[in-house]
2 protein chains.
Amino acid sequence: MTHPSDSRAYFFKIDTTIKKIRNVLQKRFNDSGFDLTVDQWVLIDHVARNQGISQNMLAELTTKDAPTVTRILDLLVKKGLVERRMSDEDRRKFNIFLMPEGTKTFEMVLPVVKEIRRQGWGELNEEDYAHFVRIMDSIYQNFSE
Amino acid sequence: MTHPSDSRAYFFKIDTTIKKIRNVLQKRFNDSGFDLTVDQWVLIDHVARNQGISQNMLAELTTKDAPTVTRILDLLVKKGLVERRMSDEDRRKFNIFLMPEGTKTFEMVLPVVKEIRRQGWGELNEEDYAHFVRIMDSIYQNFSE
DNA sequence: GAGCAATTATTAGCAGGCTAATACTTTAAC
DNA sequence: GTTAAAGTATTAGCCTGCTAATAATTGCTC
């Protein structure tokens, strides 16, 4: 390998790592008795921090596409965790709110998620984090032109 | 953020980056007239480099699960790119081979993929690559205990 | 060698990522 | 004000990731 980019390694490593993280999160959710997928959690997390957010905005913040947000919200509504309310100013939009059960879920799951984040990061330090962000952002940017 | 792991950032960044890479690859495939998904390419790549490989082994090398490998191979067989041959020693196994069309596809797509890898890695250097590998492996390891 | 456990691959079912097409609403242009 | 363009959300259809259950074969143990 004369240049790192000649290898499949970086695509593969990113792919494998994100799968691992997802697996661990999901298993921990299941073991904790949370009836929730990782992506459902991601939406709940954002709604909790941005009550009344639009689906559009949710899609942008999570880098999910609109149809996916629609479907995940459908499931969350069905579970009684989240509510769609017609927007007053713009009738094309919904404002998304947590229901009481959703708030409960958020508060129950959050500490578990934080613990997993800590576990994953382990002994890596601030400098590592800076490298990590720089490299990831760089790859992203290199593909955004 | 007192500690990087307190933020959603690293999970999110990895997730977003891999999505970006996949999108760029797929779009470039489409624009080049390749009738191929990214994951179908990944399997072709591995079969090309390991003719006769078993599905099991393919799953391991690609970190895909067995049902996914089965389905992707079904599509590749349907497209005439790949062939399943009964293994002589173990009749539970298939040996996977590229068909002539598959080899053609491999040789046609590979340079495009290499070019995209190069583009993504951009001006990052060997040292960055070392950091990248170390951090990713570390996260993976922290979740494998 | 009979019976049981492990291995290999498949099927079915749910969830999420993507594109394309559609319905509805708002905004802009004339 | 009417019409055209843009924005918001949904639906449908394909592909992939995951789990659980199944079928077929092999290997192990007695």
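These numbers come from a predicted model, not from an experiment. Within every chain, numbering begins at 1; the chains are lettered A, B, ... in the order of the sequence lines, protein sequences first and strands thereafter.
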Contact under 4.0 Å: B/T70 side-chain N or O vs C/dT10 OP1/OP2:
yes
Short side-chain N/O contact to D/dT16 OP1/OP2 from B/T37, under 4.0 Å:
yes
Using every non-hydrogen atom in the two residues, find where A/M86 and A/R91 come nearest and quote the distance to one decimal.
SD-O, 3.8 Å
Take atom CG of A/L36 and atom C1' of C/dG16, then tell me their distance rounded to the nearest Å.
14 Å
What is the distance, to the nearest angstrom, from the NZ atom on A/K64 to the P atom on C/dA15?
14 Å
Considering only nitrogen or oxygen atoms on both sides, find all protein atoms under 3.5 Å from nucleotides 3-5 of chain D and state each distance.
none

At under 4.0 Å, does any side-chain N or O of A/Q26 touch on OP1 or OP2 of D/dG17?
no
Is B/D39 salt-bridged to B/R71, cutoff N-O under 4.0 Å?
no
Parallel, tilted or perpendicular for A/Y129 and A/W121, by the 30°/60° rule?
perpendicular
Would you mind reading off the distance between A/R84 atom CZ and D/dA9 atom C1', rounded to a whole angstrom?
8 Å
Name the closest nucleotide to the A/Q40 side chain, picking from C/dG16, D/dT10, D/dT16.
C/dG16
Verify, without hydrogens or angle tests, whether A/N50 (side chain) and A/I53 (backbone) share a donor-acceptor contact under 3.5 angstrom.
no
Indicate whether OP1 or OP2 belonging to D/dG17 is found under 4.0 Å from a side-chain N or O atom of B/T68.
yes
Angle between ring planes, B/Y10 versus A/F132, binned at 30° and 60°: parallel, tilted or perpendicular?
perpendicular
Measure from the side-chain heavy atoms of A/Q55 and tell me the nearest of C/dG17, D/dC18, D/dA9.
D/dA9
Looking at every non-hydrogen atom in both residues, tell me the closest pair between B/F29 and B/V38 and how far apart they are.
CE2-CA, 4.1 Å
Whole-Å distance separating the CZ atom of A/F29 from the C1' atom of D/dT19
17 Å
Separation of C/dC18 C1' from B/L25 CG (nearest whole Å):
14 Å
Roughly, in whole Å, what's the span from CD1 in B/I72 to P in D/dC14?
17 Å
Verify the contact: side-chain N or O of A/N23 to OP1 or OP2 of D/dC18, cut-off strictly under 4.0 Å; return yes or no.
yes
Hey, is B/K79 close enough to B/E101 for a salt bridge, meaning N to O under 4.0 Å?
no
Any side-chain N or O of B/R22 under 4.0 Å from OP1/OP2 of D/dC15?
no
With the threshold set at 4.0 Å, does a side-chain nitrogen-carboxylate oxygen contact exist between B/R49 and B/D45?
yes
Give a yes or no on whether a salt bridge exists between A/R117 and A/E115, defined as a side-chain N under 4.0 angstrom from a carboxylate O.
no
Can you see if the side chain of B/N56 gets near the phosphate of C/dT7 - specifically, an N or O under 4.0 Å from OP1 or OP2?
no
Taking the side chain from A/K19 and the backbone from B/T63, do they hold a donor-acceptor pair closer than 3.5 Å?
yes
Sub-4.0 Å heavy-atom contacts from residues 87-95 of chain A onto DNA chain D, ordered by number
A/R92, A/K93, A/F94
Rounded to whole Å, the CG-P distance (B/L58 to C/dT10) equals 11 Å
Here the distance between atom P of D/dT26 and atom CE of B/M86, to the nearest Å, is 9 Å
Nearest-nucleotide check on DNA chain D, A/A66 vs A/K27; residue mapping nearer the 5' end is A/A66
What is the nucleic acid contact for A/D65, judged by heavy atoms within less than 4.0 Å: base, sugar-phosphate only, or nothing?
base
